[in-house]
Amino acid sequence: MATLPAVRGTHDLLPEAAAKHNHVVATARGLGQAYGYGEIATPIFEQTEVFKRTLGDTSDVVTKEMYTFEDKGGDSVTLRPEGTAAVARAFIAGKMNDQLPLKFFYHGPMFRYERPQKGRQRQFHQIGIELFGVSDPVGDVEVIALGAQVLEKLGVRDWCTLELNTLGDTESRDAYRAALVAYFEGHLDKLSADSKERLHRNPLRILDSKNEGDRSIIEDAPRFDEHLTPAAQDFFGAVKAGLDDLGIAYTRNERLVRGLDYYCHTAFEFTTDRLGSQSAVLAGGRYDGLIGQMGGPETPGVGWAAGIERLTMLAEQWPEPPRPVTFIPLGEAADKALRKIAFGLRGQGIAIDMGYSGNLKRRMVRANKANARLAVIVGDNELAENQATLRDMDSGEQQTVPLADLALHLKD
RNA sequence: GUGCCCUUAGCUCAGUCGGUUAGAGCGCCUGGUUGUGGUCCAGGAGGUCGCCGGUUCGAACCCGGUAGGGCACCCCA
């Protein structure tokens, strides 16, 4: 019988890795709660239209990376490639626009049919937050601050740089886009094929091309700052001032762009050089046009998402797993007695490790592997006197205690 | 989707002018301790050398294909 491997680009989360994932999620959820972000869980798949409408028909994600299929009813559905569109859809479907502002935290698997690499799987997991209904730059600052503190708490902040940019408002962006197209059309012959392709689809994207030839042309390209309206400049200034107030350092990256139309004003990424070519750790921005574009009421939004796998690879410090108490019965009568006691203690949330077979030596080995803090040994000797031998696994010291008092000795 | 590299025991890896029974460390099992782990000592199990095919008297080693992994591009968390 042939073995059945996991699908390419997917991985099993074994207990140790799952614990790390859970810690990342719990950290983000906890900080999110401190900021008033409530957890939302949307379906793992949506009607394909949800992502087509938000990501645009021409983006790479939609054209070649989505897991799209027809269900048995003939509807086209898609495994979600990202979280924002789904949360926005839930917001619209739930008619929550009279409860603004709304703050959501989410986490879960996302799916993209990409070529797997380090820090990039076909099923990967994200944490993310969305803030709906706040058009003021204080919203941008809050969202970034929350992201920074999540990274801080996970102990990865030191490896990350906050890159910040503005995409301005619609007026600024239209003006800039026109200026860019005009400029690049004057250098068409020297542009890479990829960038020529981007020229009419996403001229802003040319700015972050890694192509050497493009780079030199980009050097002299018009600057976004020259096309920002006063209002857009004020907005960006307020975001920067807010970050300064909180002592959150950033570097301006004028090439940090978003291709999609609904993005505006703030774009930011916490990046690292420790994950190879996958530099983005936590990325987000403002998307005031998104909800309207999806058919909902015009509602401003700002948020971010971060890859749990990437965070897990970056983090070096993890919480110590709790140490159990190992129960070691010798003989059937003792096994029966200890199982009953374990039943009660486990019900109180005390971690009891108890094997299913083996002599004392084997069971001590087991206790050691479980990193037990205590071993409770009960054999015929102890049982006859209703006592237990308590062994401190660190010091090796042993004492005899009445079975009735066991619970007291096992607390903490 | 494009290019380059890699794939030997559960894990991390040695092993080429192609030549008898393919090695190490860690892990695992047994014993030294008939009721005591983590250290130490002794012994042991475990590999169709990713898979398929080819060249050859003979292939872990050479060639082709394929799958998986890695890196860069693309894109993105």
Side-chain angles (χ1 to χ4, degrees), chain A residues 2-3 5-11 14 24 55 58-66 80-84 107-128 147 151 160 192-195 197-198 202 205 208-212 214 256-260 269-272 275-284 303-314 326 328-331 334 353 355 358-383 389-398:
Chain A
T3 56
V7 169
R8 167 117 118 137
T10 70
H11 290 97
L14 272 26
V24 169
L55 298 172
T58 56
S59 78
D60 277 2
V61 171
V62 167
T63 54
K64 43 192 191 195
E65 295 178 3
M66 295 204 310
R80 62 185 182 194
E82 57 104 21
T84 303
H107 73 94
M110 307 292 165
F111 305 84
R112 288 181 202 171
Y113 190 83
E114 296 181 280
R115 188 152 170 179
Q117 285 183 18
K118 181 175 193 170
R120 174 201 284 185
Q121 284 97 47
R122 288 183 175 176
Q123 175 178 334
F124 61 103
H125 300 77
Q126 287 188 327
I127 51 174
L151 298 178
C160 297
S192 68
D194 279 339
S195 288
E197 165 68 24
R198 283 184 281 229
N202 271 331
R205 286 233 76 107
D208 66 359
S209 169
K210 288 172 188 168
N211 180 283
E212 284 293 329
D214 289 352
L256 181 61
V257 296
R258 296 280 127 91
L260 307 176
E269 276 182 19
F270 287 87
T271 61
T272 184
L275 293 178
S277 67
Q278 260 51 248
S279 62
V281 174
L282 186 154
W304 53 251
I308 297 178
E309 284 83 356
R310 292 184 186 178
L311 289 168
T312 301
M313 285 187 283
L314 271 184
T326 295
I328 302 180
L330 302 171
D353 169 68
N359 58 20
L360 178 54
K361 184 185 169 86
R362 280 239 47 84
R363 288 178 183 262
M364 284 301 291
V365 169
R366 179 193 175 90
N368 197 54
K369 277 186 197 140
N371 192 29
R373 39 189 251 260
L374 292 170
V376 173
I377 303 164
V378 176
D380 293 337
N381 307 345
E382 288 89 349
L383 204 54
T389 297
L390 212 55
R391 179 181 178 87
D392 184 306
M393 292 297 288
D394 293 325
S395 68
E397 286 168 20
Q398 298 195 169

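Chain naming here is simple, since letters A, B, ... match the order of the sequence lines and numbering starts at 1 in each. Note that the structure is a prediction, hence the values are computed from the model and not measured. Heavy-atom basis, side chains included; hydrogens, waters and symmetry copies ignored.
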On RNA chain B, nearest-nucleotide positions of A:E269 versus A:L330: which is more 5'?
A:L330
B:C73 -> Watson-Crick or G-U wobble partner, both distances under 3.5 Å, gives B:G1
Once you apply a heavy-atom cut-off of 4.0 Å, does A:E114 come out as touching a base, just sugar-phosphate, or nothing?
base
All heavy atoms of A:L314 vs all of A:C160, minimum pair found to be CD1-SG, 4.2 Å
Using the P atom in both, what is the distance from B:G70 to B:A60, to the nearest Å?
28 Å
Are A:Q121 and A:T10 close enough that a side-chain donor and a side-chain acceptor fall under 3.5 Å?
no
Name the nucleic acid region contacted by A:R115, choosing base, sugar-phosphate or nothing; use a 4.0 angstrom heavy-atom cut-off, strictly under.
base
Base, sugar-phosphate, or nothing for A:E309, non-hydrogen atoms under 4.0 angstrom?
nothing
B:C4 and B:C41, which share atom name C1', separated by this distance in whole Å:
49 Å
As its Watson-Crick or G-U partner within any shown strand, both distances under 3.5 Å, B:G50 has B:U66
Between A:L390, A:T326, A:L330, which is the residue that forms a side chain to side chain contact (heavy atoms under 4.5 Å, CB included) with A:I377?
A:L330
So A:G128, base contact, sugar-phosphate only, or nothing? Heavy-atom distance under 4.0 Å.
nothing
Using atom P in both nucleotides, what's the gap between B:G32 and B:G53 to the nearest angstrom?
49 Å
For A:I308, report the nucleic acid contact type (base, sugar-phosphate, nothing); a contact means any heavy atom under 4.0 Å.
nothing
Distance in angstrom units between A:D353 CG and B:G38 P, rounded:
16 Å
Cation-pi check for A:Y113 against A:R122: NZ or CZ below 6.0 Å from the six-membered ring centre and within 45 degrees of the axis, yes or no?
yes
Phosphate-side-chain proximity, A:R120 and B:A72, N/O vs OP1/OP2 below 4.0 Å:
no
Between A:K361 and B:U36, is there a side-chain N or O to OP1/OP2 distance below 4.0 Å?
no
May I have the distance from A:Q121 (atom CD) to B:G69 (atom C1'), rounded to whole angstrom?
12 Å
What contact category does A:A367 fall into here, base, sugar-phosphate, or nothing, at under 4.0 angstrom with non-hydrogen atoms?
nothing
Could you check whether A:M393 gets within reach of a base, just the sugar-phosphate, or nothing at all, counting any heavy atom under 4.0 Å?
base
Atom P, compared across B:G3 and B:G64: separation rounded to whole Å:
15 Å
What interatomic distance, in whole Å, is found between P of B:G46 and the corresponding atom of B:G23?
14 Å
Take atom OH of A:Y113 and atom P of B:C74, then tell me their distance rounded to the nearest Å.
20 Å
Check every strand shown and say whether A:R366 touches a base, only sugar-phosphate, or nothing at a heavy-atom separation below 4.0 Å.
nothing
Distance-minimising heavy-atom pair for A:L383 and A:A334:
CD2-N, 3.7 Å
Mind checking who B:C28 pairs with, Watson-Crick or G-U wobble, both distances under 3.5 Å?
B:G44
pair_partner(B:U55), Watson-Crick or wobble, both distances < 3.5 Å, evaluates to none
Whether A:K369 contacts B:C28 is assessed here as follows: a side-chain N or O lying under 4.0 Å from the phosphate OP1 or OP2. Is that the case?
yes
Side-chain donor/acceptor of A:R363 to base of B:G37, under 3.5 Å:
no
Is any side-chain heavy atom of A:P329 less than 4.5 Å from a side-chain heavy atom of A:V378?
no
Partner of B:G23 by Watson-Crick or G-U wobble geometry, both contacts under 3.5 Å, or none?
B:C13
Report which part of the nucleic acid A:N359 touches: base, sugar-phosphate, or nothing (heavy-atom distance under 4.0 Å, all strands).
nothing
Say whether A:H107 and A:Q126, considering side chains only, have a donor N or O and an acceptor N or O under 3.5 Å apart.
no
By nearest nucleotide on RNA chain B, pick out whichever of A:I377 and A:H125 is the more 5' one.
A:I377
Hey, does A:Q398 reach any base, or is it just sugar-phosphate, or nothing, if we go heavy atoms under 4.0 Å?
base
Using atom P in both nucleotides, what's the gap between B:G54 and B:G10 to the nearest angstrom?
28 Å
For nucleotides B:C29 and B:G65, find the distance between their P atoms and express it as a whole number of Å.
44 Å
Separation of A:M66 atom CE from B:G1 atom P, in whole Å?
17 Å
Euclidean distance, atom CG of residue A:N368 to atom P of B:C28 [Å, nearest integer]
10 Å
Nucleotide B:U66, atom P - distance to CZ of A:R8 in whole Å
13 Å
Given the P atoms of B:U55 and B:U8, what is the spacing between them in whole Å?
26 Å
Per the atom types in the model, does the base of B:G35 pair as donor or acceptor with the side chain of A:E382 at under 3.5 Å?
yes
Taking atom types as they are modelled, would you say the side chain of A:R112 forms a donor-acceptor pair with the base of B:C75 within the 3.5 Å cutoff?
no
Under 4.0 Å, counting only non-hydrogen atoms across every strand here, what does A:G331 touch: a base, just sugar-phosphate, or nothing?
nothing
Closest to side chain of A:E65, choosing from B:C73, B:A77, B:C75
B:C75
Between C1' of B:G37 and CD of A:E397, the distance in whole Å:
16 Å
Could you tell me how far apart A:R362 (CZ) and B:G31 (C1') are, to the nearest whole angstrom?
13 Å
Check for a donor-acceptor pair, side chain of A:R310 on one end and backbone N or O of A:G119 on the other, with a separation under 3.5 Å.
yes
Taken to the nearest 0.5 Å, the spacing of A:L374 CG from A:M393 CE works out to 9.0 Å
Under 3.5 Å on both distances, the Watson-Crick or G-U partner of B:U39:
none
